[in-house]
Protein chains: 2
Amino acid sequence: MATSEGLEAFSDLRGTLERSSTAERVADALRERIIDGALAPGARLSEEALGQALGVSRNTLREAFRLLGHERLLVHRFNRGVFVAEPELADVVDLYRVRRALELDAVRRADRAPEGAVARVGAAVEEGEAAAGRGDWWGVGTANMRFHQALAALADSPRTDEVVRRLLAELRLVFHAMAAPRDFHVPYVALNRRIHRLLEEGRLEKAAEELSDYFDVAERQLVEAFSEETEEKE
Amino acid sequence: MATSEGLEAFSDLRGTLERSSTAERVADALRERIIDGALAPGARLSEEALGQALGVSRNTLREAFRLLGHERLLVHRFNRGVFVAEPELADVVDLYRVRRALELDAVRRADRAPEGAVARVGAAVEEGEAAAGRGDWWGVGTANMRFHQALAALADSPRTDEVVRRLLAELRLVFHAMAAPRDFHVPYVALNRRIHRLLEEGRLEKAAEELSDYFDVAERQLVEAFSEETEEKE
DNA sequence: TGGTGAGGATTGTTCAACAATTCACCGATC
DNA sequence: GATCGGTGAATTGTTGAACAATCCTCACCA
């Protein structure tokens, strides 16, 4: 065991080294397509066609479908196939309810957050500012997700991280279903900066308050956008 | 469309009618065995042997494994097989962290809970009292889980329900790993009754306080039991 | 004692097949 | 003209077998 000193430096490589199964890689690829809108909500995914396109067998593809089904990105209708999920108004409300509980809790206990966690929140803020600067609205959206993921990480809880990651992925689906996602995210860049500053100053309760207000505003905005959508359809 | 009135009455049947896939039924069966301890933490599940025993093909069984893996009841080690999860001390702490956030939030907003939700909490309390009366400690544990599930349901949020259900299932795994699960749950029956009464009286903040204390005590008790366990092993 | 292969067992993945189910189409009926 | 019922193609659900890749054991050797 004399040679086992300083091995902690390699622990970061673990994730990289772990080969993943084909099903997981397929799931990753599909998740990307769903999140960036290449696969629209409601679209049906044929086992045969997709399997051929991706070069994997139906069985493997079905495993990938199961993974994404659990993330609520796909819905599996028995004997009917899998479809890209179509979030409804109720889903939007529900997503915000859970986010509120988890993210606010994470912010309130940020004093016990792990080393560097607040800094990662700041990094996400800057990423968003940079994207906004070059007019990359999709990039702003991505940075925004990363910001909230970083907020959740303040709880120092793997399960919170996982749940929030799923919620945010689902939320991106909602953005595709709404009318004008283009300038939804941009206004919040400044707010994110403010929340990060409060975190740095240790004013956690104030930060939680601002975050709570954000949830109110964003949720209402989404709900309204959604109501208009459905009105148009009818 | 003149005949389509009053069809809402049938919407309850939807769930009953939906046939489930073989994989899901297999997953249900395995989940039961894991939760009631028939499959001990750490046990390895052979695809071949289990498939034969259950009368399903390896492919189908693998689908079921994926489902339970997402619930963290099984861990899937690449090229090595699936094992019943072995929760560690860190998992106990993490489980309570997320439960605290979600259940407390649910209790605090119980004034907006759906019709009959508080009554279902009461039903779980009585179930626990009945089980305690006849000395059925396992039944007390089950009722306790149902009590907390009912608390979570106060949030009126499908996603909260799902997450909490998963957390509680995982928690049962923890009980198997600890020394004396026999009389762990019984002392909390009285507390549950108290919390229910506070909910009925609308004293939500007080109820949340009691619940928070419960989390403190239960978590510490589990952590201690766990530390002893690992000491014995070494 | 500690390293090293060889071999057996298990998983990862594919393929082909068949049963079960859905869906769209089309004619029959009132 | 709308509804009902049935036929058939297309798709999913599930199985079983096959083979490659990987891991584990254990005897063997320095």
Side-chain angles (χ1 to χ4, degrees), chain A residues 1-5 7 13-30 34 39 42-70 73-86, chain B residues 1-7 10 13-30 39-40 42-70 73-86:
Chain A
M1 286 293 188
T3 58
S4 65
E5 302 167 30
L7 287 185
L13 290 175
R14 277 277 284 284
T16 319
L17 281 180
E18 260 169 20
R19 286 146 310 180
S20 56
S21 71
T22 314
E24 274 166 38
R25 285 196 304 273
V26 169
D28 290 342
L30 289 179
I34 294 171
L39 289 170
R44 177 157 165 281
L45 304 182
S46 153
E47 294 187 355
E48 186 111 19
L50 238 187
Q52 203 135 10
L54 293 169
V56 300
S57 78
R58 274 181 63 209
N59 284 323
T60 303
L61 188 57
R62 284 167 66 84
E63 285 205 8
F65 283 166
R66 276 286 173 16
L67 294 178
L68 294 171
H70 253 267
L73 293 181
L74 297 180
V75 294
H76 193 130
R77 278 184 260 244
F78 195 76
N79 270 321
R80 228 167 295 178
V82 299
F83 304 78
V84 179
E86 295 182 277
Chain B
M1 284 295 181
T3 59
S4 62
E5 301 167 32
L7 288 184
F10 290 88
L13 290 174
R14 279 276 284 284
T16 319
L17 283 179
E18 262 170 18
R19 282 145 311 182
S20 57
S21 71
T22 311
E24 272 164 40
R25 284 195 306 272
V26 170
D28 290 343
L30 289 179
L39 288 170
R44 177 159 164 280
L45 304 182
S46 155
E47 294 187 356
E48 186 110 22
L50 238 186
Q52 205 134 12
L54 293 170
V56 301
S57 78
R58 274 182 63 211
N59 284 320
T60 302
L61 188 57
R62 285 168 66 84
E63 284 204 9
F65 283 167
R66 290 280 194 218
L67 294 178
L68 294 171
H70 254 269
L73 293 181
L74 296 180
V75 294
H76 194 131
R77 277 184 262 245
F78 194 76
N79 270 324
R80 229 167 295 177
V82 300
F83 304 78
V84 179
E86 294 182 276

Gap between atom CG of B:Leu50 and atom CG of B:Leu39 - 0.5 Å precision = 7.5 Å
OG1-CG distance between A:Thr60 and B:Asn59, expressed to the nearest 0.5 angstrom = 8.5 Å
Residues passing the salt bridge (charged side-chain N to carboxylate O under 4.0 Å, His left out) test with B:Arg58, sequence neighbours excluded, are B:Glu47
Tell me, for nucleotides 5-15 of chain D in 5' to 3' order, what letter each nucleotide earns: B for a base near a protein heavy atom under 4.0 Å, S for only sugar-phosphate near one, - for neither?
-> ------SBBBB
For A:Leu54 and C:dC15, give me the distance from atom CG to atom P, rounded to whole Å.
-> 13 Å
Mind checking the CZ-CG spacing from B:Phe83 to B:Leu74? Nearest 0.5 Å is all I need.
-> 10.5 Å
Got a second to check how far A:Arg66's CZ is from B:Arg62's CZ, nearest 0.5 Å?
-> 13.5 Å
